[in-house]
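Read through the structure below, which is laid out as structure tokens, and then see the notes.
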Amino acid sequence: EGLGAPKLISTALDVLGDIEGNDGNPAIALKYYRRALEFDQRVQDEASQASTLHEIGRELAKLEQYDEAIQMHRLGLEIRVRLKRENEQALSHYYLAETYRLSGDYGAALGESNAAMPLGRNRDTMIVVLIELAQDQQFANLPGPALRSYNKALALSKEEGDKPNEAVVY
């Protein structure tokens, strides 16, 4: 096992987790992500740990294990705050918002989406965050703000020529 082997193994396990998660197998994806996290911890790669914690959280949410999912997302956010990665912190808040919305806690989802807004540092992140914010506003019965958020996301998508995100907004 060479110096880079744990990182390569972690990456491979993450990819396998992605494949299983996208294929509708969250329980199997979780096994891969948890193993990947062990390797990320072994090489002390905190940035990868944060990403993997969020992947674990998303798979737990698919299994409706919302409390544990939120705990994973909070751990990921803590790491990103410590690393001072604001754009990634925005994504952490997005994952929290997504999980709260799925759990039916629309107030908490809206709070997390609002927390993400000032942290987004690139267009792609802002589009994703604005779409989540709009969904949360919609669920919180705030149609005017939801429409404004969707329109902002659409405008950013059109500026970038981002057809996939533009289609999501429509």
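From a predicted model like this one, the values you see are computed outputs, not experimental measurements.
Scanning both residues, Leu53 and Gly76, for their nearest heavy atoms gives CD1-N, 3.8 Å. The shortest heavy-atom contact between Tyr100 and Ile70 is CE2-CD1, 3.2 Å. In plain terms, the two heavy atoms of Leu110 and Ala140 that are nearest each other are CD2-CB, 4.1 Å. Closest heavy-atom contact between Pro6 and Phe39: O-CB, 3.6 Å. Shown here for Leu142 and Pro145, the closest heavy-atom pair between the two residues is O-CD, 3.3 Å. The shortest non-hydrogen separation linking Ala36 to Asp14 is CB-OD1, 3.6 Å.
Every residue meeting the side-chain hydrogen bond (donor to acceptor under 3.5 Å, both in side chains) condition with Asn122, not counting sequence neighbours, appears here in chain and number order: Thr125. Under the ring-ring contact (aromatic ring centres under 6.0 Å, His included) criterion, Tyr95 pairs with His54, His73, not counting sequence neighbours. By the salt bridge (charged side-chain N to carboxylate O under 4.0 Å, His left out) test, Glu78 pairs with no residue at all, sequence neighbours left out.
In this structure, the side chains of Ser48 and Lys7 come closer than 4.5 Å at one or more pairs of heavy atoms. Taking 4.5 Å as the limit, some side-chain heavy atom of Val128 sits within range of a side-chain heavy atom of Tyr94. Residues Leu147 and Asn151 are in side-chain contact: their nearest non-hydrogen atoms beyond the backbone lie under 4.5 Å apart. Between Ile127 and Arg123 the shortest side-chain heavy-atom distance falls below 4.5 Å. When side chains are defined from C-beta on, Met117 counts as touching Met126, because their heavy atoms get closer than 4.5 Å.
Interatomic distance, Glu88 CD to Ile79 CD1, rounded to the nearest 0.5 Å: 11.0 Å. We find the CD-OG1 distance between Glu38 and Thr52 to be 11.5 Å, quoted to the nearest 0.5 Å. Here the OG1-OH distance, from Thr99 to Tyr66, works out to 8.5 Å after rounding to the nearest 0.5 Å.
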Return all side-chain donor-acceptor pairs below 3.5 angstrom for residues 21-31, not counting sequence neighbours, or 'none' if the list is empty.
{"residue": "Asn22", "atom": "ND2", "partner": "Asp18", "partner atom": "O", "Å": "3.1"}
{"residue": "Asn25", "atom": "ND2", "partner": "Glu20", "partner atom": "OE1", "Å": "2.8"}

Show me the donor-acceptor pairs, under 3.5 Å and distance only, between side chains in residues 129-137 and residues at least two apart or in other chains.
{"residue": "Glu132", "atom": "OE1", "partner": "Arg101", "partner atom": "NH2", "Å": "3.1"}
{"residue": "Glu132", "atom": "OE2", "partner": "Arg101", "partner atom": "NE", "Å": "3.0"}
{"residue": "Gln135", "atom": "OE1", "partner": "Arg101", "partner atom": "NH2", "Å": "3.2"}
{"residue": "Asp136", "atom": "OD2", "partner": "Ser113", "partner atom": "OG", "Å": "2.4"}
{"residue": "Gln137", "atom": "OE1", "partner": "Ala146", "partner atom": "N", "Å": "3.3"}
{"residue": "Gln137", "atom": "OE1", "partner": "Ser149", "partner atom": "OG", "Å": "2.8"}

Inset, instruction - Go through the steps for Glu55 and Arg58 under the test salt bridge (charged side-chain N to carboxylate O under 4.0 Å, His left out), then give the verdict. - result: CA-CA 5 Å; Glu55 294 300 339; Arg58 294 185 92 186; 5.1 Å; no
Legend entry - Stepwise side chain to side chain contact (heavy atoms under 4.5 Å, CB included) check, Arg80 with Leu91: CA-CA 10 Å; Arg80 288 174 169 176; Leu91 293 172; 4.1 Å; yes
Legend entry - side chain to side chain contact (heavy atoms under 4.5 Å, CB included) between Leu13 and Tyr33, worked out: CA-CA 6 Å; Leu13 290 166; Tyr33 288 132; over 6 Å; no
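Looking at Arg85, its side chain never comes within 3.5 Å of a backbone N or O of Arg82 through a donor-acceptor pair.
For the pair Arg34 and Glu68, the salt-bridge criterion is met [side-chain N within less than 4.0 Å of a carboxylate O]. In this structure, Glu112 pairs ionically with Arg74, as a charged nitrogen and a carboxylate oxygen lie closer than 4.0 Å.
Residues in residues 111-143 take part in these ring-ring contact (aromatic ring centres under 6.0 Å, His included) pairs, two or more places apart or across chains: Tyr106-Phe139.
Residues Leu96 and Leu63 do not share a hydrophobic cluster, clusters being chains of Ile/Leu/Val/Met/Phe/Trp/Tyr side chains in contact below 4.5 Å. In the hydrophobic clustering of ILVMFWY residues, with side-chain heavy atoms under 4.5 Å counting as a link, Ile56 and Leu16 come out apart.
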